[in-house]
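The block underneath contains the structure these notes are about, expressed in structure tokens.
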Number of protein chains: 2
Amino acid sequence: MQMSEGVEWALHSCLNLAWADGRAVTAGKLAAFYDLPAAYLNRQLQALARAGIVTSTSGPRGGFRLARDPARITLLDVVVAIEGEQEAFRCRQIMRDGPGGRSDVDYRRHCLVSQAMSRADLAWRRELAAQTLADIGAAVERKHPGAPRAARNRLDLPAD
Amino acid sequence: MQMSEGVEWALHSCLNLAWADGRAVTAGKLAAFYDLPAAYLNRQLQALARAGIVTSTSGPRGGFRLARDPARITLLDVVVAIEGEQEAFRCRQIMRDGPGGRSDVDYRRHCLVSQAMSRADLAWRRELAAQTLADIGAAVERKHPGAPRAARNRLDLPAD
DNA sequence: GCTCCCATACTCGGATAATAACTGTCCGAGTATGGAAGG
DNA sequence: CCTTCCATACTCGGACAGTTATTATCCGAGTATGGGAGC
């Protein structure tokens, strides 16, 4: 049970986009930032676009930019965009084939094992939803005040 | 990011073992309970044995039994036994290749993105560790008082 | 009748294929650019 | 000099292989059983 490493790429790329201040950045530039395979990062950014987290523009001067304020993008939004909505635990409703199992009962909701696992999943999601990109960005700036400028610099954007 | 469906099998099988009251149950019987592939369930039970959650005995009258009281086996124990210790988020430390990245820094601990993801993971684990097999079993019995007897019956164990 | 022994059937355990998911790559559709031609 | 048009280069987007993890299966090592032979 490991999530795609695209999640790490997406989170860091979103932070960099936040520091780009609304200017479009190409997948190639974002990939060069951490020396990642550009075509594959592009794939992850497409997922973010489908989820409405970033907007994409084709052609010269095109690229990706955040679709809304970083304060309104949670870590959960990004994780779900890459990994999908479904929760980690898979309830295949094996109780249907057990003693007294009924095919007209949805054991994803009634099985107590499934309920317990869902509670844990919910705690996880709650924690992810409580943190926004703006929160992380601000924390990074507190620790490394030069980070935003360094990022803009590496993205070939005017320093300010 | 989906966990193996072996987790569902392992959890339900552990509950059934709890109701078996210390008597050994074969992988075949446990598999027949929910009409699962026996050889593959056996594989998952081996993982539980390696983790010290169940003990195994070979030969006739052999099988698996819980290694300790169900009140001292948490859902986290079972999940970790099947899925492994590592947390879901993979920090490949891409910041090492970013601006100002240092190869002598462990970004799994210092990167703020990684820290945020770890916090969520911790909340998830805390929730799983708070529930024991005995808790789930008791909740099931409250809802379906006949469940333990039905289980023993299907496992070809003396009703009591 | 009792004890010992051995063949047997049964169980787990790890090694081996089949399948699906993830990772990585490529090329085409569409677009803003920038220069050249014409007025 | 200004406007219009077009060729160009650049970007995302989805379609296509390579690799790893998951799922499923099989057969061998070891063990308690149960019957039979011997005392």
Side-chain angles (χ1 to χ4, degrees), chain A residues 1-10 13 17 20 23-32 34-67 79 81-84 86 88-90 92 94 155-156, chain B residues 1-10 13 17 20 23-32 34-67 79 81-84 86 88-90 92 94 155-156:
Chain A
M1 203 243 324
Q2 298 238 135
M3 56 178 74
S4 158
E5 64 181 312
V7 173
E8 184 185 13
W9 303 1
S13 294
L17 284 178
R23 279 169 291 188
V25 184
T26 70
K29 292 277 171 59
L30 286 169
Y34 297 114
D35 196 27
L36 301 173
Y40 190 32
L41 176 62
N42 188 27
R43 220 175 126 64
Q44 315 292 351
L45 292 169
Q46 285 173 37
L48 294 181
R50 276 192 295 272
I53 294 174
V54 303
T55 61
S56 61
T57 345
S58 273
R61 302 264 172 167
F64 296 90
R65 64 194 81 192
L66 289 185
V79 171
I82 303 293
E83 291 293 328
Q86 59 206 341
F89 176 72
R90 281 190 282 182
R92 293 290 182 83
I94 61 177
L155 293 174
D156 285 336
Chain B
M1 202 242 327
Q2 298 239 135
M3 55 178 75
S4 158
E5 63 182 314
V7 172
E8 185 185 12
W9 304 0
S13 294
L17 284 178
R23 282 169 289 188
V25 183
T26 70
K29 292 276 173 58
L30 286 169
Y34 298 114
D35 196 27
L36 302 173
Y40 189 33
L41 176 63
N42 187 26
R43 218 177 127 66
Q44 315 291 351
L45 292 169
Q46 285 173 36
L48 293 180
R50 276 192 295 272
I53 294 174
V54 304
T55 61
S56 62
T57 349
S58 273
R61 303 265 172 168
F64 296 90
R65 65 195 80 192
L66 288 185
V79 170
I82 304 292
E83 291 292 328
Q86 59 207 341
F89 177 72
R90 280 192 281 183
R92 291 291 181 84
I94 61 177
L155 292 174
D156 284 337

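The sequence lines fix the lettering, A, B, ..., with proteins before strands; numbering per chain opens at 1.
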A:Met3 CE to D:dT22 P, straight-line distance once rounded to whole Å:
14 Å

Phosphate OP1/OP2 of D:dG13: any A:Ser58 side-chain N/O under 4.0 Å:
no

Between A:Thr26 and B:Glu83, name the one whose nearest nucleotide on DNA chain D is closer to the 5' end.
A:Thr26

Listed nucleotide nearest any side-chain atom of A:Pro37, set D:dC12, C:dT25, D:dG34
C:dT25

Can you tell me the distance, in whole Å, between the OH atom of A:Tyr40 and the C1' atom of D:dG13?
16 Å

Atom-pair distance (CZ on B:Arg61; P on D:dT31), nearest Å:
18 Å

Classify the nucleic acid contact of A:Gly63 as base, sugar-phosphate or nothing, counting any heavy atom under 4.0 Å across all strands shown.
sugar-phosphate

To the nearest Å, how far apart are B:Leu17 CG and C:dC12 P?
11 Å

Rounded to whole Å, the CH2-C1' distance (B:Trp9 to D:dT23) equals 8 Å

Base, sugar-phosphate, or nothing: which does A:Ala24 touch, judged by heavy atoms less than 4.0 Å apart?
nothing

Quick one: does any side-chain atom of B:Glu83 pair with a main-chain N or O of A:Met1 as donor and acceptor, under 3.5 Å?
yes

Pairwise 5' ranking along DNA chain C for A:Gly59 and A:Gly6, keeping only the more 5' one
A:Gly6

Value in whole Å for how far the C1' atom of D:dT20 lies from CD of B:Gln86:
14 Å

Euclidean distance, atom CD of residue A:Gln46 to atom P of C:dT25 [Å, nearest integer]
15 Å

Taking all atoms of both residues into account, what is the closest heavy-atom pair of A:Tyr34 and B:Ile94, and its distance?
CD2-O, 3.3 Å

At under 4.0 Å, does any side-chain N or O of A:Ser4 touch on OP1 or OP2 of C:dT23?
yes

Both A:Thr57 and A:Gln2 contact DNA chain C. Which one's nearest nucleotide lies toward the 5' end?
A:Gln2

Donor-acceptor check, side chain of B:Glu8 to backbone of A:Arg92, threshold 3.5 angstrom: yes or no?
yes

Would one find a side-chain N or O of A:Arg90 under 4.0 angstrom from OP1 or OP2 of D:dT22?
no

Is the distance from OP1 or OP2 of D:dG14 to the nearest side-chain N or O of A:Arg50 less than 4.0 Å?
yes

Candidates C:dT25, D:dC12, C:dT33 - which lies nearest the side chain of A:Ser56:
D:dC12

Short question: side chain of B:Arg90, backbone of A:Met3 - any donor-acceptor pair under 3.5 Å?
yes

Report the nucleotide, chosen from C:dC26, C:dT31, D:dG14, that has the shortest atom-to-atom distance to any side-chain atom of A:Pro60.
C:dT31

In whole Å, what is the span from the CG atom of B:Leu45 to the C1' atom of D:dT23?
15 Å

Winner on side-chain proximity to A:Arg43, out of D:dA15, D:dT33, D:dT11, is D:dA15

Between the CG atom in B:Leu48 and the OG1 atom in B:Thr55, the distance rounded to the nearest 0.5 Å is 11.5 Å

How far apart are the C-alpha atoms of A:Thr26 and A:Asn42, what are their side-chain angles, what is the distance that settles it, and do they pass the side-chain contact (heavy atoms from CB on, under 4.5 Å) test?
CA-CA 9 Å; A:Thr26 70; A:Asn42 188 27; over 6 Å; no

